[in-house]
Amino acid sequence: MIPPGPRLPAVAQTAWFTADPVGFFESCHRRYGPVFTARYVGFPPEVYVATGELAEQVYRTDLGGGRAGEARRDFLEPLVGAHSVLTLDGDPWWAHRKLLTPPLRARQVAGYHDEITEIAAERIAAWPLGRPFTLRERMQDITLEVILRLIFGIRDAARLTRLRRLLPGLLHLSSAMTVAMAPPGARPVLGRVPFAPYRRFLRLRAEVDAILYDEIARRRDAPGGTDVLGRLLETELDDEEIRDELITMLLAGHETTATGLAWAFERLLRLPAVLERLPDDEEYLDAVVREVLRVRPVVYEAPRLLDAPLRLGDHEVPAGWYAGPSIPLVHHDPAVWDEPQEFRPERFLDARQNTRSWMPFGGGRRFCVGAQLALLEMRVIIREVLRRLDLSVTDPAPEARRLKNVTLAPARRTRVVARARVRARAA
Ligand code: HEM
């Protein structure tokens, strides 16, 4: 039996999902149970599952029968190119994944701790005091810098300045343009239309690529370095493949981590008892980060495009459809999470916690390759902010979750006021 779902026309489901993704998931779940079908304009039907156990069954298709790469390719290829671990599948995917994993392992990224601390301290020192501002952009500024210095390995001040200026615009144009304005078949034409966003995107991309290829050439002449680019240059990847993977890590790791941090402060500033125990208890800080990503997962889904029909309990999902977890629903499964709505970091201090139902980074073989870096960044940046500043919110009401590209972001972008700490917290 095909999983049930709303009878509304696809256009109405798309509008509902876009306006309130979590509300849409919750309503479908209540009405149709833990496996349901949504229909969006321009895409094959998508089946969502609401438990960790069912999600695992979908992730098992990573061994054959499901393609995570193809599910993302149409949106991402204009920016990440044809050689990205995000959009490849099968053997070519594995060839890249094998090379990208070692430099992003926990032990490797631990070596970035001090430099992330420095970047955060430098940036936080420039935040305004005593007047409202939005934290999300400030977090994007920090996570971009981490990528430029520790992944791209760029040290040259002029180059850093140019990329800081170019990359936010490129990312912005690419998300707006690929989804809404440039279906794959129309791209060659749109690329020639003066003033079309797609043409502007191509121009910006060419500017960024010129800098990246130049950097790659320079580094081939002077090998070494502990950044991720240095490690990729030791592999058999050619320049174009390396360029594509650098942009992939930027795209996958910049806005996601910044949004996770924006949610961390959106939650913490409304939870004085939790805030009080921060930031110096490292184990508790780690639990706080994990709990933030549970109650406010940044990425809401991790679909696979099915090559073959997939059985999920009493249901069968046809080949050619998408299947994957609704991550917010899995993270609020009452059979696994005691009082799921409550923010309780202590859950993660308990070693028996069921981690199968915690999937902010997806799962299966396509599990986020940058998860360890993201977790480290979140711990370090939260700690550095709290050591230096007292933050307060401008409006005590919780911020709603809004769709922002592939993420769920705080609607008011985490609006706060900062004051210097009278006595700095212990360093
Ligand atoms: C809080 C921050 C982050 C979140 C919530 C996040 C979430 C995710 C999710 C849900 C997936 C899809 C997994 C799946 O399909 O099962 C993914 C994939 C990926 N992420 Fe992350 N991510 C974050 C940070 C990063 C960072 C910092 C990097 C790199 C530096 C990164 C690189 C990637 C890559 C390359 C993939 C594709 C993996 C593959 O298909 O083999 N992510 N991420």
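Indexing begins at 1, ligand by ligand and atom by atom, following the structure's order.
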According to salt bridge (Lys or Arg N to Asp or Glu O under 4.0 Å), who are the partners of R412, at least two apart in sequence or on a separate chain? D395
Looking only at non-hydrogen atoms, find the nearest pair between L391 and F265 and report the distance. CD1-CD2, 3.7 Å
Please report which non-hydrogen protein atom sits nearest to atom 11 (C) of ligand 1, along with the residue it belongs to and the distance in Å to one decimal place. F361 O, 4.0 Å
I need the nearest protein heavy-atom contact for atom 27 (C) of ligand 1: residue, atom name and distance, please. G253 CA, 3.5 Å
Any donor-acceptor N/O pair, T235 side chain to L237 backbone, under 3.5 Å: yes
Quick one: does any side-chain atom of T61 pair with a main-chain N or O of V58 as donor and acceptor, under 3.5 Å? yes
Among all the protein's non-hydrogen atoms, which is closest to atom 17 (C) of ligand 1, and how far away is it? C368 CB, 3.5 Å
Residue G370 vicinity, atoms of ligand 1 by number, heavy atom under 4.0 Å: 26 (C), 27 (C), 28 (C), 29 (C), 31 (C), 32 (C)
Can you name the atoms of ligand 1, numbered from 1 with element, that are less than 4.0 Å from a heavy atom of V369? 32 (C), 33 (C), 34 (C), 35 (C)
To check you understand the geometry: which heavy-atom pair defines the closest contact between L204 and L173, and what is its length? CD1-CD1, 3.9 Å
Atoms in ligand 1 flagged as close to G362, the criterion being non-hydrogen separation under 4.0 Å: 10 (C), 13 (C), 14 (C), 16 (O)
Identify, by atom number and element, the atoms of ligand 1 in contact range of G363, meaning under 4.0 Å from any of its heavy atoms. 16 (O)
Under 3.5 Å donor-acceptor, R219 side chain and G224 backbone: yes
Looking at T87, is its backbone amide N or carbonyl O close enough to the side chain of R73 to form a donor-acceptor pair, meaning the two atoms are under 3.5 Å apart? yes
Shortest non-hydrogen contact from P44 toward G320: CB-O, 3.3 Å
Would you mind listing which atoms of ligand 1 come within a distance below 4.0 Å of any non-hydrogen atom of A374? 1 (C), 2 (C), 24 (C)
For atom 30 (C) of ligand 1, which protein heavy atom lies nearest, and how many Å away is it? I151 CD1, 3.5 Å
How close do P45 and R39 get, heavy atom to heavy atom, and via which atoms? CG-NH1, 3.6 Å
For R97, counting its heavy atoms only, list the atoms of ligand 1 lying under 4.0 Å from any of them. 38 (C), 39 (C), 41 (O)
Within less than 4.0 angstrom of ligand 1, does M359 place any heavy atom? no
Mark up the atoms of ligand 1 that fall under 4.0 Å of a heavy atom belonging to L86, in ascending order. 36 (C), 37 (C)
Which protein non-hydrogen atom lies closest to atom 5 (C) of ligand 1, naming both residue and atom, and how far is it? P360 O, 3.5 Å
Closest approach of any protein heavy atom to atom 24 (C) of ligand 1, naming residue and atom: T256 OG1, 3.6 Å
Atom 12 (C) of ligand 1 - nearest protein heavy atom and its distance: R72 NH2, 3.5 Å
Would you say the rings of F17 and Y300 are close, in the sense that their centroids are separated by under 6.0 Å? yes
The protein heavy atom nearest to atom 32 (C) of ligand 1 is A252 CB, 3.4 Å
Atoms in ligand 1 flagged as close to T257, the criterion being non-hydrogen separation under 4.0 Å: 1 (C), 2 (C), 24 (C), 27 (C)
